[in-house]
Trainee: 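This is the structure, below, for whatever I ask next.
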Amino acid sequence: MASSISAQALVLLHSRGNPCLRFPQKNGVVFEHSQSLGISTRIRATGGNSFGTDEDKDDAEEVVGINEKKNKVLALQKDLLQQVAEIKKLVSSEKSENILGSELNRTSYELANKSFTNKPSPQNASTRGDNTVKNQNGIIASPNYVYSSEGSVESSPEKASSGIYLNEKLKDKTHETNRPDTLSAFFANGTENLSLEVQNQEGTSESTTPIESEGETETPQPLAGINVMNVILVAAECAPWSKTGGLGDVVGSLPKALAKRGHRVMVVTPRYGNYAEAQDTGVRKWYKVDGHEAEVKYFQAYIDGVDFVFIDNPLFHHLERNIYGGSRLDILKRMVLFCKAAVEVPWHVPCGGVCYGDGNLAFIANDWHTALLPVYLKAYYREQGLMKYTRSVLVIHNIAHQGRGPVDDFFFVDLPEHHMDLFKLYDPIGGDHFNIFAAGLKTADRVVTVSHGYARELKTSEGGWGLHGIIKENDWKLRGIVNGVDNKDWNPLFDVHLKSEGYTNYSLETLSSGKRQCKTALQKELGLPIREDVPLIGFIGRLDPQKGVDIIAEAIPWLMSQDVQLVMLGSGRPDLEHMLRQFESQHHDKIRGWVGFSVKMAHRITAGADILLMPSRFEPCGLNQLYAMNYGTVPVVHAVGGLRDTVQPFDPFSESGLGWTFESADSGKLSNALGNCLWTYREYKKSWEGLQRRGMTQDLSWDNAALQYEEVLLAAKYQW
Ligand SMILES: Nc1ncnc2c1ncn2[C@@H]1O[C@H](COP(=O)(O)OP(=O)(O)O[C@H]2O[C@H](CO)[C@@H](O)[C@H](O)[C@H]2O)[C@@H](O)[C@H]1O
């Protein structure tokens with residue numbers, strides 16, 4: 001095994017011109033890090049036993065005995081030291097540019113001396129046009145403009161020296177650790193013998209725990225095998241710290257699934273609040289935004305195998321409840337600063353003592369808020385000869401929000417003028433305009449969207465919201481990957497919100513009693529008549545035309561003629577919030593309209609309702625129907641985007657399917673589908689239970705999606 005490890009390391013030294021980083025450490029022990037694979041080869045001091053855990057040790061001792069093992073270790077050690085010498089020779093022949101300190105000094109120095117240029121003055125703001133975007137369904141997208149003025153990421157001379165100071169700090173940081181799997185843990189173990197192990201820097205058990213079989217020492221491969229990469233997700237929201245909708249959930253969950261596969265994974269997100277888990281790394285950087293130098297601090301936490309890096313600047317403070325709020329200029333400043341700071345995190349922020357570096361690295365940017373990241377990567381860094389091996393994937397969670405503005409706003413993103421065309425887009429509604437999503441789609445190495453259905457719809461004029469042309473041109477790099485469910489957070493068996501006030505956790509085995517208890521608790525909590533036999537219909541979502549709340553409104557007269565209860569939770573457009581309140585006051589015995597954002601209530605409705613209604617006009621994926629099925633709650637959905645992909649219609653003849661779908665977003669079709677659903681609920685108890693059970697027994701975990709993301713990341717990695 002040892003020789004194969006070493007052979008792999010040697011291959012990696014040559015691959016993609018991306019040699020190892022080498023960190024001298026105390027006691028003469030050496031730490032080698034191959035940027036190419038994100039794998040660290042450590043020669044460590046141990047207390048006289050080798051290769052792994054105490055259990056392994058005990059097993060091994062039973063089989064071979066201590067002396068025999070020591071001999072093996074010594075032989076192995078000799079072999080390995082020889083190979084390390086070879087590696088060192090190779091590394092020094094690469095002129096040692098990649099020793100951590102010099103790598104960072106170099107990049108900082110280069111950055112300090114390469115500035116964004118060509119920044120004509122911003123044009124008169126009054127020339128800015130109408131920024132609303134309307135698709136052919138006549139739905140108006142929220143105005144989500146991002147603007148800046150005269151921003152730049154160039155560093156001033158003082159900041160250049162600050163950069164060097166910073167690197168000194170970083171060097172110190174490489175000896176610090178805030179998690180147990182780093183070098184210092186090893187050094188505490190004594191120095192009698194040397195052994196070698198190869199491990200992913202995350203120290204995930206799959207990839208790092210050596211095992212012994214038949215006297216041979218083996219290190220199990222990570223699930224991703226030799227395709228292990230460094231992956232950085234960048235997003236404006238991340239649950240549980242910040243969440244306005246599904247994006248927050250995805251960013252809180254997908255990284256963990258990628259880390260489980262052995263990748264070294266980081267999430268970069270703004271620090272909106274004072275999060276208890278995140279520690280100040282001490283790293284400080286400055287970026288120009290709107291003509292001013294903004295200081296960025298980096299906070300860090302390591303949770304469930306994932307590094308979470310929070311970008312701190314007063315622009316982000318106290319916005320967790322209003323992430324996309326403020327004026328156009330406010331939003332612009334935040335997103336420009338965020339993307340500029342995020343793209344350099346792998347250089348500056350040591351996680352577990354070691355920076356990610358920019359080799360074997362892929363960013364995953366999410367929606368228009370971070371679509372500037374792929375643009376900066378290609379149009380600035382790559383053009384300056386930096387981050388040559390870094391790739392980017394842009395995920396479309398919702399194309400209706402694009403970061404549009406007048407053409408002049410290009411100058412606020414601090415790129416050379418010849419990149420203006422990346423952002424320029426003509427459409428019949430806005431005319432020639434500036435569009436951040438358009439630029440991101442063009443520059444990202446790969447594009448993912450959150451279902452297959454939505455991937456198809458994005459290429460149509462109805463579904464592409466003006467970007468369909470660009471998406472069609474870039475079809476070769478587009479892939480649909482359906483979101484998953486976080487089986488810890490959204491699992492009726494472990495759900496923390498079902499542990500009090502009469503609610504209960506339940507599983508497939510206790511479905512009937514558990515769900516009944518949750519329904520009773522929900523009716524009680526909301527002051528609805530407590531009745532087991534009445535079908536309880538739930539709706540959870542942003543109050544936005546996308547979600548079709550107005551379609552439910554049209555169906556209310558019919559619905560109220562039925563013996564049902566309806567619980568709606570949502571926040572968003574004031575007129576729709578008002579409508580929810582009105583429903584409740586007009587039909588107090590049957591309807592509850594909870595206006596606000598309550599994660600607890602969302603979980604409780606998902607558990608206590610019998611039926612979840614999702615009449616979305618468009619739905620890139622939709623998470624609530626997935627959560628519902630995980631909780632034995634039957635979805636009734638408009639067959640669109642991800643809803644069509646994930647809710648197979650019920651077929652009473654074959655007793656198959658997961659819920660009800662309707663083909664067009666109108667109240668008649670909704671009533672028809674919901675009517676059939678209610679009929680089945682009342683008259684065909686066995687069929688109903690079958691629907692619930694099939695929903696609950698699906699594998700909705702993030703593991704499948706993570707595997708597919710890995711394929712996309714790899715495709716990006718090998719793309720030139
Ligand atoms: N008032 C409220 N209180 C508490 N919780 C609330 C809430 N309103 C919504 N939520 C929660 O927010 C999430 C919404 O998820 P969706 O996938 O339906 O949303 P969204 O349209 O925001 O996301 C976009 O991105 C996601 C992720 O890719 C896609 O699934 C989706 O189709 C796309 O529109 C769920 O966790 C839901 O429980």
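Note that ligands are numbered from 1 as they come in the structure, with each ligand's atoms numbered from 1 the same way.
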Trainee: Can you confirm, on distance only, whether ligand 1 has an N/O atom lying under 3.5 Å from any N/O atom belonging to I540?
Mentor: no
Trainee: Out of V482, V448, N398, N624, whose heavy atom is nearest to atom 35 (C) of ligand 1?
Mentor: N624
Trainee: Flag C621 as yes when one of its N or O atoms lies below 3.5 Å from any N or O atom of ligand 1, and as no otherwise.
Mentor: yes
Trainee: Which of these, M614, R542, K547, has its nearest heavy atom closest to atom 18 (O) of ligand 1?
Mentor: K547
Trainee: Is M601 in contact with ligand 1, taking contact as a heavy-atom separation below 4.0 Å?
Mentor: no
Trainee: Does ligand 1 have any atom sitting under 4.0 Å from a heavy atom of S598?
Mentor: yes
Trainee: What about F597: any of its N or O atoms under 3.5 Å from an N or O on ligand 1?
Mentor: no
Trainee: Residue-level breakdown please: for L623 versus ligand 1, do any non-hydrogen atoms fall below 4.0 Å on the side chain, on the backbone, on both, or on neither?
Mentor: both
Trainee: Quick one: nearest non-hydrogen protein atom to atom 19 (O) of ligand 1, plus distance?
Mentor: G246 N, 3.4 Å
Trainee: Looking only at protein heavy atoms, which one is nearest to atom 34 (O) of ligand 1, and how far off is it?
Mentor: Q546 NE2, 3.0 Å
Trainee: For atom 1 (N) of ligand 1, what's the nearest protein heavy-atom neighbour? Residue, atom name and distance, please.
Mentor: G596 O, 2.8 Å
Trainee: What protein heavy atom sits nearest atom 11 (C) of ligand 1, and how far away is it?
Mentor: K243 CE, 3.7 Å
Trainee: Would you call H603 a ligand 1 contact, heavy-atom distance under 4.0 Å?
Mentor: no
Trainee: Geometry only, no angles: is A602 polar-contacting ligand 1 at N/O separations under 3.5 Å?
Mentor: no
Trainee: In this structure, does ligand 1 have an atom that sits under 4.0 Å from one of the heavy atoms of A239?
Mentor: no
Trainee: For ligand 1, which atoms, with element, lie under 4.0 Å from some heavy atom of H397?
Mentor: 24 (C), 25 (O), 27 (C), 28 (O), 33 (C), 34 (O)
Trainee: So for Y627, does at least one of its heavy atoms come nearer than 4.0 angstrom to any atom of ligand 1?
Mentor: yes
